[in-house]
Amino acid sequence: MKYFCIMLLCLSLLFSQPLVRVSAEENRSDTFVSDPVPTSTPSPGSGWNDKNMRRTSDIFTYQILDESRKEAAVVRVNKAVKELTIPSELDGYKIISVGQIGTDGTYTYEYDIDVSVPDLLEDTLETLTISKGIRYIGYCAFADCKKLATVNLPENLYSIAGSAFWGCTSLKKLNIPKSNYKRAYGDGIILMEGAFARCTIECVTLGTQEFKSFAHSYIRELVLPRTECRKFVLTLDRNTIRQVSVDPYVQTVSLFCEDNSSGTIEKIIVNGKKTKLCKPDSGLSIGVLCTVPGAKCITWAKKYKQTYKVKSCGKMGKVMRKKKKAVWTPVKTSVKTFRYDKKKKKWKTTSRKVKTHYKIYGKNSKKGTYKRIKTTAKTSCSSKYKYLKVQPVTIWE
């Protein structure tokens, strides 16, 4: 009997330990899930299908993503409007997204999910403003809004998902703002594949480091302005840009095509002498480089047999004043074009004279600061300012 009791005790200990171990692991798992992580993003799983988590406020329907953090996403606009502002808050919930997003901040589109923001806006929306604090613009969020001409995006966007502005054929000017998000493969906003497909945009100003996902679109001018970002990476898969304008403050512009794709830049304007261009991929077609005398990018053009043009101006003479009218001697401006002849294996140079434009500055006292008055092609100017300064335009505009 004694041995039988000892045996039962051993068996009970043997079978009870795994149960205790499983229970402890379950407790740890519960603790991890319930602990909020401020930097995490909502899961695109069953939460998006749970229509019990949807609320209506004003003209918006929003989906509650995290009750503990009071975060939500706008998933529908219930009224056709010309001007629309997506608010940063609804009913005490912080709006972090327009449309559906995934765990990595991009998107996971599921056809059974009823997220159709632009339904009533396709034929009416003309101006869109995304409020500060919203971090994600989801898949097809404003697709096919044919009258959408103006989009105001906030700083510190994390991502714009694929086809977000697909088919917005009236979009003319677009400013991609700066973003402080840091990643191993490039800082700034994540622009997903085809975010602006089938758009013809007059001017895109880039305030972030990377440019991509304008595939299947046509851009008349891409501006790389004077910002905190001094290095830009342009990925030009299946994209056509008529002109890229680079501010002299920019240090480096890298040009790429991914996955054996192709892209086209008809003209690059580099006005900075210190701005460097990287080696283009074989799939990238560049028409002409326009620059100034002594620019570093000329060395790049010579190395890769790239056609380039150099604009130069003569010296400005003395400005003569007669009461309120000022006159000056004309300045000669010329443009030299350098093309590489592959058959003869040598460079061919042509030169032509172009019209000179002058920038006029004025001030009323010697200690004052000159203010720009205007730009003119004439060699005379009438002004109320006591002091005038005239400079020929030596850069490409």
Which pair of heavy atoms, one from [X] and one from [Y], lies closest together, and at what distance?
{"X": "Met316", "Y": "Val331", "answer": "SD-CG2, 3.7 Å"}
{"X": "Pro293", "Y": "Val310", "answer": "N-CG1, 3.6 Å"}
{"X": "Cys168", "Y": "Leu148", "answer": "SG-CD2, 4.1 Å"}
{"X": "Lys70", "Y": "Gly92", "answer": "CB-O, 3.8 Å"}
{"X": "Leu120", "Y": "Ala80", "answer": "O-CB, 3.2 Å"}
{"X": "Leu284", "Y": "Thr264", "answer": "CD1-N, 4.2 Å"}

[X] [atom1] to [Y] [atom2] distance, which is reported to the nearest 0.5 Å:
{"X": "Lys309", "Y": "Ser351", "atom1": "NZ", "atom2": "OG", "value": "11.5 Å"}
{"X": "Thr337", "Y": "Arg352", "atom1": "OG1", "atom2": "CZ", "value": "6.0 Å"}
{"X": "Arg54", "Y": "Arg76", "atom1": "CZ", "atom2": "CZ", "value": "7.5 Å"}
{"X": "Ser254", "Y": "Lys276", "atom1": "OG", "atom2": "NZ", "value": "11.0 Å"}
{"X": "Ile201", "Y": "Lys173", "atom1": "CD1", "atom2": "NZ", "value": "13.0 Å"}
{"X": "Thr240", "Y": "Glu266", "atom1": "OG1", "atom2": "CD", "value": "7.0 Å"}

Judged by atom type as modelled, is there a donor-acceptor pair below 3.5 Å linking the side chain of [X] to the main-chain atoms of [Y]?
{"X": "Asn78", "Y": "Ile59", "answer": "yes"}
{"X": "Asn239", "Y": "Phe214", "answer": "yes"}
{"X": "Thr333", "Y": "Lys355", "answer": "no"}
{"X": "Thr85", "Y": "Thr129", "answer": "no"}
{"X": "Thr329", "Y": "Gly317", "answer": "no"}

Practice task
Determine whether the side chains of Gln306 and Tyr340 contain a donor N or O and an acceptor N or O closer than 3.5 Å.
Solution key: no

Problem - Modelled atom types, side-chain donor and acceptor of Ser131 and Ser88, under 3.5 Å - result: no

Heavy-atom distance under 4.5 Å between the side chains of [X] and [Y], does that happen here?
{"X": "Tyr93", "Y": "Leu65", "answer": "no"}
{"X": "Leu234", "Y": "Leu222", "answer": "yes"}
{"X": "Phe196", "Y": "Leu174", "answer": "yes"}
{"X": "Val74", "Y": "Leu90", "answer": "yes"}
{"X": "Leu128", "Y": "Leu121", "answer": "no"}
{"X": "Asn175", "Y": "Leu153", "answer": "no"}
{"X": "Tyr358", "Y": "Pro330", "answer": "yes"}
{"X": "Leu255", "Y": "Ile265", "answer": "yes"}

With a sphere of 6.0 Å drawn around [atom1] of [X], does it hold more than 12 non-hydrogen atoms of other residues, nucleotides or ligands?
{"X": "Lys231", "atom1": "NZ", "value": "no"}
{"X": "Glu83", "atom1": "CD", "value": "no"}
{"X": "Lys94", "atom1": "NZ", "value": "no"}
{"X": "Lys132", "atom1": "NZ", "value": "no"}

Can you hop from [X] to [Y] via hydrophobic side chains spaced under 4.5 Å?
{"X": "Ile269", "Y": "Val246", "result": "no"}
{"X": "Ile395", "Y": "Ile360", "result": "no"}
{"X": "Leu289", "Y": "Val354", "result": "no"}
{"X": "Val223", "Y": "Trp396", "result": "no"}
{"X": "Val335", "Y": "Val393", "result": "no"}

Practice task
Carefully, step by step, assess Val204 and Ile176 under the rule side chain to side chain contact (heavy atoms under 4.5 Å, CB included).
Solution key: CA-CA 7 Å; Val204 176; Ile176 305 295; 4.2 Å; yes

Problem - Any pair counted as side chain to side chain donor-acceptor pair (under 3.5 Å), so long as it reaches residues 375-393, sequence neighbours left out - result: Arg372-Thr375

Problem - Candidate pair Phe142 and Ile130, rule side chain to side chain contact (heavy atoms under 4.5 Å, CB included), full reasoning - result: CA-CA 12 Å; Phe142 298 98; Ile130 307 293; 4.3 Å; yes

Exercise for the section: May I ask you to establish whether Arg226 and Tyr249 are in a cation-pi arrangement, using a distance under 6.0 Å from NZ or CZ to the six-membered ring centre and at most 45° from the ring axis? Expected result: yes

Exercise for the section: Output, in order, the C-alpha distance, side-chain angles, deciding distance and verdict of side chain to side chain contact (heavy atoms under 4.5 Å, CB included) for Val270 and Lys296. Expected result: CA-CA 10 Å; Val270 179; Lys296 284 187 176 180; over 6 Å; no

Handout entry: Sequence-distant partners of Tyr308, ring-ring contact (aromatic ring centres under 6.0 Å, His included), two or more places apart
Key = Phe338, Trp347

Problem - Pair Glu126 + Lys147: basic N to acidic O under 4.0 Å - result: no

